Amino acid sequence: QVQVVESGGGLVQPGDSLRLSCAASGIIFRIYAMGWYRQAPGKQRELVARITSGSETNYADSVKGRFIISRDNAKNTVHLQMNSLRSEDTAVYYCNVKFWGNARDYWGQGTQVTVSS
């Protein structure tokens with residue numbers, strides 16, 4: 001059974017930084033991509049950042065220049081370094097994992113990020 005677990009969320013003030021981590025275990029297929037999505041109250045879930053096995057990255061326009069996604073293939077782990085956080089970054093952040101040869105998406109339970117003064 002594949003498990004996806006996030007960590008690193010918390011309460012911070014505007015301008016602060018956080019580093020989110022996501023670890024996938026019980027791997028059956030080779031990972032194709034890992035990414036972060038977020039959902040705030042009253043809003044649709046949106047892609048924040050994504051990285052493929054070939055190290056291609058995609059970022060939401062709202063986080064470009066502030067967030068950096070990275071991957072540790074040996075540990076099946078992805079990180080999201082979030083800098084210059086703003087109140088509008090407040091959301092539950094979910095880790096997403098895609099595998100080669102498997103169309104199903106796997107999701108973590110989410111980690112809360114709250115940016116407030």
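It should be emphasised that the depicted structure is a prediction, and the values quoted were computed from it without experimental measurement.
Within the model, atoms CH2 of Trp36 and CD1 of Ile51 stand 13.0 Å from one another, a figure rounded to the nearest 0.5 Å. In this structure, OG on Ser62 lies 5.0 Å from CD on Glu46, to the nearest 0.5 angstrom. Here the CZ atom belonging to Arg19 is positioned 10.0 Å from the OG atom belonging to Ser7, to the nearest 0.5 angstrom. Annotation: the span from Ser70 atom OG to Asp72 atom CG amounts to 8.5 Å, rounded to 0.5 Å. The distance from atom OG1 of Thr77 to atom CE of Met34, rounded to the nearest 0.5 Å, is 6.5 Å.
Within the structure, ring-ring contact (aromatic ring centres under 6.0 Å, His included) pairs that include any residue of residues 97-117 comprise Tyr32-Trp100, Tyr37-Trp107, Phe99-Tyr106 (at least two apart or interchain). Every pair tested for ring-ring contact (aromatic ring centres under 6.0 Å, His included) that includes a residue from residues 46-70 fails, sequence neighbours excluded, so the list is empty. Applying the disulfide (SG to SG under 2.5 Å) test to every pair with at least one member in residues 7-108, sequence neighbours left out, gives these pairs: Cys22-Cys95.
In terms of modelled atom types and a separation under 3.5 Å, the side chain of Arg71 and the main chain of Thr52 share a donor-acceptor contact. At least one donor-acceptor pair under 3.5 Å links the side chain of Thr90 to the backbone N or O of Val115. No donor-acceptor distance shorter than 3.5 angstrom exists from the side chain of Thr114 to the backbone of Leu11, with no hydrogens or angles considered. Side-chain atoms of Gln39 do not come within 3.5 Å of backbone N or O of Val92 as any donor-acceptor pair.
In this structure the side chain of Arg45 never reaches within 4.5 angstrom of the side chain of Arg38, judged on heavy atoms. When side chains are defined from C-beta on, Arg104 does not count as touching Lys98, because their heavy atoms never get closer than 4.5 Å. In this structure the side chain of Leu20 never reaches within 4.5 angstrom of the side chain of Glu6, judged on heavy atoms. You'll find the side chain of Ile31 reaches within 4.5 Å of the side chain of Asn76, heavy atoms only. Inter-residue side-chain proximity for Leu80 and Ile68 is flagged as unmet; no heavy-atom pair is nearer than 4.5 Å.
Nearest heavy atoms, Ser116 versus Pro14: C-CD, 3.7 Å. When all heavy atoms of Ala91 and Ala40 are compared, the closest pair comes out as CB-N, 3.9 Å. Listed here is the closest heavy atom pair of Arg66 and Asp89: NH1-OD2, 2.8 Å.
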Checking Met82 against Tyr93 for the side-chain contact (heavy atoms from CB on, under 4.5 Å) test, could you report, in this order, the C-alpha distance in whole Å, the side-chain angles of both residues, the deciding distance, and whether it holds? CA-CA 12 Å; Met82 305 186 295; Tyr93 285 70; 3.9 Å; yes

After noting the C-alpha distance and the side-chain angles of Asn83 and Gln81, does the key distance pass the side-chain hydrogen bond (donor to acceptor under 3.5 Å, both in side chains) rule? CA-CA 6 Å; Asn83 301 314; Gln81 179 66 43; 3.0 Å; yes

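A salt bridge between Lys64 and Asp61 is present, with a side-chain N of the basic residue lying under 4.0 Å from a carboxylate O of the acidic one.
Both Val97 and Phe29 are part of a single hydrophobic cluster, where members link through side-chain heavy atoms under 4.5 Å apart. Tyr94 and Ile69 are members of different hydrophobic clusters when ILVMFWY side chains are connected at heavy-atom separations under 4.5 Å.
In this structure, a donor-acceptor pair under 3.5 Å is present between the side chains of Ser21 and His79.
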